[in-house]
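Contents: one structure, followed by commentary.
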Amino acid sequence: MSYENIIIRKENNIATVSLNRPKSLNALNSELVAELDRAFDELSADSETRVVVITGEKNFAAGADITNMVELTPEEARDFAFSDTYDKIANCPKPVIAAIEGFALGGGMELALSCDFRIAAPNAKMGFPEITLGIFPGAGGTQRLPRLVGLPKAKRLIFTGAIIRGEEALACGLVDGLADNPLEETMSFALELAAKPAVALKLAKECINLAADADIKTGIAYEASNWARLFATSDQKEGMRAFIEKRKPEFAGK
Ligand code: CAA
């Protein structure tokens, strides 16, 4: 499949999706987000891809493209919203990691929030400046941010539009790792995850995602069902046999 606003590289069972509108600091327009949507359909179905990394050279993304938004009507704004694509990324059946350099603002930071992990450069500049434009984050930010950093910190970031850097972002849970070279660090983490049993990762992710929304009784019933399904996988047999035979397991992803 061909893409104009993103670049996809595949190596060692890891697909790296690079946002590619460098002149506007990777501002996210509808075309780019539509390509992300297609890419995640493709990568979710691709049996060779076990982990997805989202990144952007020099900058992650400075938010939704403001030039496309100025004259939107409420109806058009509803269509412009990126939430469906970001939900698709959040529910991707494979681990998704954001490697963040430079700016990750507004819809850019919300894209990172829809990933399972965020690894940032210490001097990355992250936040939700939408309030300074007369709006607020509209691509999952008001829902995913409080789940990560708690209500008061989420309100502080969204109400003020403050831009924060690595250490503060790490301390409040906005990112979960810092590295001078975030892409390199992300790739080594991705390699580690790519060697794990893929079905167990997928079903664990479903359960953990549900934990943020469901009551505990529903969540535990869902967990029991997904856990039992793993005993139909060859990776479960391999993992347990390897333990008994005192060798390293080799997971086939099935
Ligand atoms: N939309 C459109 N263009 C953008 C952009 C954006 N979000 N962010 C940067 N650009 C463009 C600039 O207009 C500029 O283009 P020109 O060279 O053609 O003038 C180019 O990228 C470089 O940017 P700057 O010259 O401004 O670079 P800087 O280093 O001086 O400032 C910045 C960087 C602080 C990130 C500044 O560009 C900025 O404030 N950008 C907007 C950030 C923002 O408000 N993001 C939220 C958008 S709303 C949103 O995301 C809604 C949502 O929830 C979905």
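Since this is a predicted model, take the numbers as computed values, not measurements. The first residue of the sequence shown is numbered 1, and numbering continues consecutively from there.
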Short side-chain donor-acceptor distance under 3.5 Å, Glu101 and Asn59: no
Flag for Thr67-Asp65: side-chain donor and acceptor within less than 3.5 Å: yes
Worked verdict on Ile14 versus Thr49 for side-chain contact (heavy atoms from CB on, under 4.5 Å): CA-CA 6 Å; Ile14 301 164; Thr49 296; over 6 Å; no
Arg21 (side chain) donor-acceptor with Ala27 (main chain) under 3.5 angstrom: yes
Check against side-chain contact (heavy atoms from CB on, under 4.5 Å), Glu31 and Tyr3: CA-CA 10 Å; Glu31 290 78 18; Tyr3 298 98; over 6 Å; no
Atom of Gly56, atom of Asn26 and distance for their closest heavy-atom approach: CA-ND2, 3.8 Å
Ring centers of Phe60, Phe103 separated by less than 6.0 Å: no
Transitive ILVMFWY cluster of Ile244, excluding itself - 4.5 Å side-chain cut-off: Phe243
Backbone of Ile135 reached by a side-chain donor or acceptor of Glu130 within 3.5 Å: no
Cys207 to Asn226 - nearest heavy-atom pair and separation: SG-ND2, 3.5 Å
Taking every non-hydrogen atom, the tightest pair across Leu105 and Met126: CD2-C, 4.0 Å
Distance-only side-chain donor-acceptor flag, Asn5 / Glu35, under 3.5 Å: yes
Flag, side chain of Lys254 to backbone of Pro197, donor-acceptor distance under 3.5 Å: no
Asn91 side chain to Asp87 backbone, donor-acceptor under 3.5 Å: yes
Linked, directly or transitively: Ile7 and Leu32 (ILVMFWY side chains, under 4.5 Å): no
Check: Thr233 side chain, Leu230 main-chain N or O, donor-acceptor pair, under 3.5 Å: yes
Closest non-hydrogen atom pair, Phe251 against Ala195: CD1-O, 3.4 Å
Any Val51 side-chain heavy atom under 4.5 Å of Ile97 side chain: yes
Any pair counted as side-chain hydrogen bond (donor to acceptor under 3.5 Å, both in side chains), so long as it reaches residues 110-120, sequence neighbours left out: Asp116-Lys205
Interatomic spacing from CD in Glu167 to CG in Asn123 - rounded to 0.5 Å: 11.5 Å
Salt-bridge criterion met for Lys153 and Glu168 (N-O under 4.0 Å): yes
Side-chain donor or acceptor of Tyr86 paired with backbone N/O of Cys115 under 3.5 Å: no
Interatomic spacing from CG in Asn20 to CD1 in Ile8 - rounded to 0.5 Å: 11.5 Å
Contact check, side chains of Leu111 and Ile89, non-hydrogen atoms, under 4.5 Å: yes
Residue pair Ile119 / Leu178, side-chain heavy-atom distance below 4.5 Å: no
Where at least one partner belongs to residues 187-202, residue pairs that pass salt bridge (Lys or Arg N to Asp or Glu O under 4.0 Å), sequence neighbours excluded: none
Note, Val53 side chain near Val96 side chain (heavy atom, < 4.5 Å): no
Sidechain N-carboxylate O distance under 4.0 Å for Glu11, Arg50: no
Asp235 to Ala252 - nearest heavy-atom pair and separation: OD1-N, 2.8 Å
Salt-bridge contact Asp213-Arg147 (side-chain N to carboxylate O under 4.0 Å): yes
Side-chain (Thr55) to main-chain (Ala99) donor-acceptor, under 3.5 angstrom: yes
Atom pair NZ/CG of Lys155 and Leu145 - distance to nearest 0.5 Å: 11.5 Å
Spatial distance of atom CG (Leu157) from atom CD1 (Ile131) [nearest 0.5 Å]: 12.0 Å
Any donor-acceptor pair under 3.5 Å from Lys10 side chain to Thr16 backbone: no
Stacked cation flag Lys88 on Phe40, 6.0 angstrom / 45 deg: no
